[in-house]
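Here is the structure we will look at.
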Amino acid sequence: MIQGDNSAPHELELQTRLLEWITQDSERVRALQLAAQCAAEYALPQWCLAAGFVRNLVWDRLNGFEPRPLNDIDLIYYCPLDIRPERDRAIEAYLRRLAPDLPWSVKNQARMHLKNRDAPYISCIDAMAHWPELETAVGICASSNGLAAGSLNSPYRLITPFGLQSLFALKLSPNPRRALAICQQRIAAKGWLSRYPLLCLE
């Protein structure tokens, strides 16, 4: 876990539970293995699979649903030396050749501040700290990718600037760094409150 209070016993329990859920999900494990292969091929720094890839699994489990098929797989990384969108498209094309059945999306977080009109981000986790919902800012990576930290016995590590407690509490919390309207629009467009009836909008 990066940032947040990962020394708290409850937080460590949540990390352990989530890592177990991930490793029990064959589709997510496959996506992580392919992402690691891609990251090695392209030497992607600070990569992880983030947002709904992790968040939706928690929401599915806690709402009593079987994990639903992945509707997108967000691979993020941080490389300020090459922020061309064309590079992201090339990486997406590589992933689609590996697994054309999976819905890949690749974004270099070193350029996303331009879209959001923020100061330049300094890392993936800094970029994630600016995402519209706190619970969306969670990712998972291989333990050896350079972002990883922690002592849990797992081939994977969780990445989040805000910890896991609000995610597991089924809260949907707008990020105060973003305009509230952005979060509201996303909630309406994605239908989260109807799809996950136990969610509570903060």
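Note that the structure is predicted; figures quoted are calculated from it, not measured.
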- Please round to the nearest 0.5 Å and tell me the distance separating atom CG of Leu98 and atom CD of Glu41. 9.0 Å
- Query: Do Ile182 and Leu134 belong to the same hydrophobic cluster, where Ile, Leu, Val, Met, Phe, Trp and Tyr are linked whenever their side-chain heavy atoms lie under 4.5 Å apart, directly or via other members?
  - Reply: no
- Note on the structure: To the nearest 0.5 Å, atom CD1 of Ile91 lies from atom NZ of Lys107 at 11.0 Å
- Query: Do Leu198 and Leu18 sit in the same hydrophobic cluster, where Ile, Leu, Val, Met, Phe, Trp and Tyr count as joined when their side-chain heavy atoms come under 4.5 Å apart?
  - Reply: yes
- Would you indicate whether the side-chain heavy atoms of Pro103 and Asn71 approach each other to under 4.5 Å? no
- Query: Are any side-chain N or O atoms of Asp126 and backbone N or O atoms of Met128, one a donor and one an acceptor, separated by less than 3.5 Å?
  - Reply: no
- If only atom types and distance count, is the side chain of Glu202 paired as donor or acceptor with the main-chain N or O of Leu172 below 3.5 Å? no
- Under 3.5 Å donor-acceptor, Glu135 side chain and Ser173 backbone: yes
- Report the distance from atom CD of Gln165 to atom CG of Leu14, rounding to the nearest 0.5 Å. 6.0 Å
- Item | Arg30 side chain reached by Leu102 side chain, heavy atoms, under 4.5 Å | yes
- Apply the test side-chain contact (heavy atoms from CB on, under 4.5 Å) to residues Val138 and Phe53: give CA-CA distance (whole Å), side-chain angles for both, the deciding distance (0.1 Å), then the verdict. CA-CA 9 Å; Val138 58; Phe53 184 85; over 6 Å; no
- Note on the structure: In short, Cys38 meets Leu95 closest at the heavy-atom pair CB-CD2, 3.6 Å
- Query: Same cluster for Met112 and Ile122 if Ile/Leu/Val/Met/Phe/Trp/Tyr side chains link at under 4.5 Å?
  - Reply: no
- Ile83 to Arg111 - nearest heavy-atom pair and separation: O-CD, 3.2 Å
- Between Leu75 and Leu44, is any pair of side-chain heavy atoms under 4.5 Å apart? yes
- Message: Main chain of Asn108, side chain of Asp88: is a donor-acceptor contact present, judged purely on distance under 3.5 Å?
- Response: yes
- Task: Work out which heavy atom in Pro100 is nearest to a heavy atom in Arg97; give both atom names and the distance.
- Result: CD-O, 4.0 Å
- Query: With a 4.5 Å heavy-atom cut-off, do Thr160 and Ile125 have their side chains touching?
  - Reply: no
- Measure across Ser154 and Ser143 and return the closest heavy-atom pair with its distance rounded to 0.1 Å. O-OG, 3.1 Å
- Task: Could you tell me whether the side chain of Tyr78 and the main chain of Tyr121 form a donor-acceptor pair under 3.5 Å?
- Result: yes
- For Ala137 and Pro161, work out which heavy atoms get closest and say how close. O-CD, 3.4 Å
- Query: Under the 3.5 angstrom rule, does the side chain of Asp60 hit a backbone N or O of Arg68 as a donor-acceptor pair?
  - Reply: yes
- Message: Less than 6.0 angstrom from the centroid, inside 45 degrees of the normal: does Arg61 satisfy that with respect to the ring of Trp59?
- Response: no
- Task: Establish, yes or no, whether the cationic atom of Arg96 lies under 6.0 Å from the six-membered ring centre of Tyr94 and within 45° of the ring axis.
- Result: no
- Message: Does any part of the side chain of Phe65, heavy atoms only, come nearer than 4.5 Å to the side chain of Tyr196, both counted from C-beta?
- Response: yes
- Hey, is the main chain of Gly52 close enough, under 3.5 Å, to the side chain of Asp72 for a donor-acceptor pair? no
- Check against side-chain contact (heavy atoms from CB on, under 4.5 Å), Gln37 and Tyr42: CA-CA 9 Å; Gln37 178 179 336; Tyr42 282 88; over 6 Å; no
- Message: Quick check: is Leu81 connected to Trp47 through a chain of hydrophobic side chains (ILVMFWY, heavy atoms under 4.5 Å apart)?
- Response: no
- Item | From Asn56, Ile22, Leu57, residue fulfilling side chain to side chain contact (heavy atoms under 4.5 Å, CB included) relative to Pro67 | Leu57
- Residue pair Ile76 / Gln109: nearest heavy atoms and the distance that separates them: CG2-NE2, 3.5 Å
- Message: Between Arg89 and Glu86, does any NZ, NE, NH1 or NH2 come within less than 4.0 Å of an OD or OE carboxylate oxygen?
- Response: yes
- Honestly, is Arg177 close enough over Phe162, meaning NZ or CZ under 6.0 Å from the six-membered ring centre and within 45° of the axis? no
- Task: Answer yes or no: is there a side-chain heavy-atom contact under 4.5 Å between Cys141 and Tyr156?
- Result: no
- Message: With heavy-atom distances below 4.5 Å as the criterion, would you say the side chains of Thr136 and Arg186 are in contact?
- Response: yes
- Under 4.0 Å between a Lys/Arg side-chain N and an Asp/Glu carboxylate O for Asp118 and Arg178? yes
- So do the side chains of Leu49 and Leu32 get within less than 4.5 Å of each other, counting heavy atoms only? yes
- Message: Same cluster or not: Val54 versus Leu34, using hydrophobic residues (I, L, V, M, F, W, Y) connected whenever any side-chain heavy atoms lie under 4.5 Å apart?
- Response: yes
- Got a donor-acceptor contact below 3.5 angstrom from the Ser105 side chain to the Asp74 backbone? no
- Task: Would you sort out whether Glu133 and Asn175 count as a side-chain contact (heavy atoms from CB on, under 4.5 Å), showing the intermediate values?
- Result: CA-CA 5 Å; Glu133 309 86 30; Asn175 189 335; over 6 Å; no
- Task: Please lay out, stage by stage, how Cys183 and Gln185 fare under the test side-chain contact (heavy atoms from CB on, under 4.5 Å).
- Result: CA-CA 5 Å; Cys183 182; Gln185 290 165 4; over 6 Å; no
